[in-house]
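Okay, structure first, notes after.
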Amino acid sequence: MSDAPEQLTLDLEGWEGPLDLLLSLARAQKVDLREISILALVEQYLRYVERARVLQLELAADYLVMAAWLAYLKSALLLPRDPEVEPDADELAMRLQLRLERLDAMRDAGARLMARDRLGRDVFRRAAPEGLRVVRKAQWTADLYELMTAYGRVSARSRPVMHVVHDREVMTLEAAIARVAALVGSAIDWRTIEAFLPEQASVALRRSALASSFLAALELARQGRVELRQEAPFAPLYLRRPAA
Amino acid sequence: MSAAIERAVEAVLFASAEPLSIDSLRAYVGDGDIRAAIAAVAERYRGRGVELVERGGRWHFQTAPDLAHLLRRDREEVRRLSRAGIETLAIIAYHEPVSRAEIEAIRGVQVAKGTLDVLMEAGWVRPAGRREVPGRPLIYATTPEFLSHFGLTSRRDLPGIDDLRAAGLLDPVDLAFEQLAVEKDADDD
Amino acid sequence: MSAAIERAVEAVLFASAEPLSIDSLRAYVGDGDIRAAIAAVAERYRGRGVELVERGGRWHFQTAPDLAHLLRRDREEVRRLSRAGIETLAIIAYHEPVSRAEIEAIRGVQVAKGTLDVLMEAGWVRPAGRREVPGRPLIYATTPEFLSHFGLTSRRDLPGIDDLRAAGLLDPVDLAFEQLAVEKDADDD
């Protein structure tokens, strides 16, 4: 490693994120992107990141996240396929390849677009047209971009704005604790948490009461003043007075 | 060969903001019989909708004089909204219906009557009744023409604050400078 | 008779500061076969120093591309786009309409503040409504100015777009993957 000069200089400023770096490495394989060896690519990437680490270059977190993922992919590719593991490594490798192909295609398309005969650079319109009488056009004109920037400007200027929180019906945690504690005292059997909510309440108040009562139940359970039971995630939550 | 010079002369005169003399043409086109090329181009355009004409030794294209009735050389007619105008329009669009006092509260500066008049003249804003509060102020809203001019299907298509922020349009770039500009605007109203 | 319409179409297009659609031409020129007149004018200018071109259903005159070397001198350089700007523009053009999240999925990095701003300021990209999915993200598309600037008659003229579409390279990765899986299954049978 150390005796061979690195093909790619360690100039991370030049890359726009890990996918960009991967694409450059893939292109360096000098084959059709559909033919590249993902395993070789992964090793190149890991070597590259390792070298950056040795040189104590600061790598952005997303490069390290990608490195960790590629290391996982590499080991999965090398191991015999485990039918239990979904998605399998070949599928992950294929998806990575598809992403690289798509980025490559758009990069190529962008280059071809920029190379066209562009108005104002390669081809020119009349510099001083006489202009036309405006027939059915509004006398005043402005475009959406101006409208958006104007609103952005006004909003930026008027911040910080005062936030007015409308009076809302809520049940505080204190109220919920008092209420649940009082009601559970009379409950010997399991009862769902909904049974502890005020019956004649607006939708908003019931939602608030549900949230507060849930927290109250947890707090009371911690204090040993109530027992909780739930069969499964999102299943009904039951409360009762401790048996003792 | 001479066809190449003709094409070059034609293109340079077309793209030029001003009439060009033989010498300035030569600077673009290079060596060759510029005068002959001009004559050939002028001949080819004779009687067409566009003509090559000489004015004091300099050449330029113009539309044929007998077709002037189809055009008008007054481009002043299309006028862009002032900064105060576009801001006021944006506030109405995002907050409608709003009263003038509410617009002023959001903009942070006074809104001249003329600003609203321009927006109504443009057909983008209309009075939409009165607010039932003391003083019963007029309230304003946007029109269907507003939507069609700005290429919107509905007001819901207006980018939200998050979109504006994401597009970089909400950065308080040099807020002090903005503030100055706004104050100046208000003076202009 | 048709010669008169040709002259009128030629003059109006020459005098216009903007590309004109058939309908706007008709508003100036009056009744008659505008389309045929445009075709005749375009034919007469073919191969000359100035050409009549169609861009997104609108027509304008411009200098011939091969004369660029004569005209580039002392003209302000077209603004250079960053690589992020070029890629983002290409993604919008080839996939439109497209949301910010979709752009980011292809590029593998966030769209920086200012990237879309630059493209919108250049007049090449505009918000084009919202995608009716949770969150209702704003979607972006190219403008007629984009077509004019890059010399495209329509989006179908985008370089290589047919090949890219045929190769599935404009489909999202998920879709392409499913496609591959289906083909593989078929082979296995």
Side-chain angles (χ1 to χ4, degrees), chain B residues 3-17 24-30 37 40-41 44-45 47-52 61-73 75 78 150-154 156-171 173, chain C residues 3-18 25 27-30 37 41 44-45 47-51 61-71 73-75 100 110-121 125-130 135-140 143:
Chain B
I5 300 184
E6 270 181 56
R7 287 183 76 227
V9 164
E10 186 182 15
V12 169
L13 284 171
F14 171 85
S16 169
S24 19
L25 269 170
R26 195 184 309 282
Y28 286 100
V29 173
V41 172
R44 209 158 36 73
Y45 277 87
R48 308 295 322 170
V50 172
E51 298 179 346
L52 185 58
F61 281 114
Q62 65 174 32
T63 52
D66 66 308
L67 298 179
H69 64 284
L70 296 178
L71 329 161
R72 191 159 86 194
R73 284 144 213 262
R75 276 189 293 160
V78 176
F150 289 90
L152 299 165
T153 312
S154 81
R156 296 203 322 163
D157 281 351
L158 283 170
I161 284 290
D162 289 341
D163 299 317
L164 294 179
R165 182 176 294 118
L169 297 179
L170 210 54
D171 290 320
V173 182
Chain C
I5 298 184
E6 270 180 54
R7 283 187 77 222
V9 163
E10 184 182 16
V12 169
L13 283 171
F14 224 76
S16 174
E18 293 173 4
L25 269 169
Y28 293 100
V29 172
V41 173
R44 209 155 35 72
Y45 276 85
R48 307 296 320 169
V50 172
E51 300 178 340
F61 281 112
Q62 65 179 30
T63 57
D66 64 308
L67 299 177
H69 60 287
L70 299 178
L71 300 164
R73 151 182 4 193
D74 62 57
R75 275 174 200 278
R100 164 185 292 267
Q110 291 212 326
V111 176
K113 267 184 196 172
T115 302
L116 283 165
D117 189 21
V118 163
L119 296 177
M120 288 194 278
E121 194 187 343
V125 164
R126 65 184 173 85
R130 293 177 181 278
R136 300 188 75 244
L138 205 60
I139 47 180
Y140 297 90
T143 61

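By number of non-hydrogen pairs under 4.5 angstrom with chain B, the leading residue of C/Met120, C/Arg126, C/Arg136 is C/Arg136. Ranked by heavy-atom pairs under 4.5 Å with chain B, the first of C/Val9, C/Leu13, C/Asp66, C/Thr115 is C/Asp66.
Here the closest non-hydrogen pair linking C/Thr63 and B/Ala15 is CG2-CB, 4.0 Å. Scanning all heavy atoms of the two residues, the minimum distance from B/Ala11 to C/Gly49 falls at CB-O, 3.5 Å. Residue C/Arg7 comes nearest to B/Gly47 through the heavy atom pair NE-O, 2.9 Å, listed as atom of the first residue, atom of the second, then distance. Annotation for B/Ala8 and C/Leu70: closest pair CB-CD1, 3.4 Å, computed over non-hydrogen atoms.
Both the backbone and the side chain of B/Arg156 come within less than 4.5 Å of a heavy atom of chain C. In this structure, no portion of C/Gln110 lies under 4.5 Å from any heavy atom of chain B.
One distance of note links CG of B/Asp163 with OH of C/Tyr140; it measures 5.5 Å at 0.5 Å rounding.
For B/Phe61, the ring pair (Phe, Tyr, Trp, His ring centres under 6.0 Å) criterion is met by B/Tyr45, C/Phe14, not counting sequence neighbours.
A donor-acceptor pair under 3.5 Å is formed between the side chain of C/Arg130 and the backbone N or O of B/Leu158.
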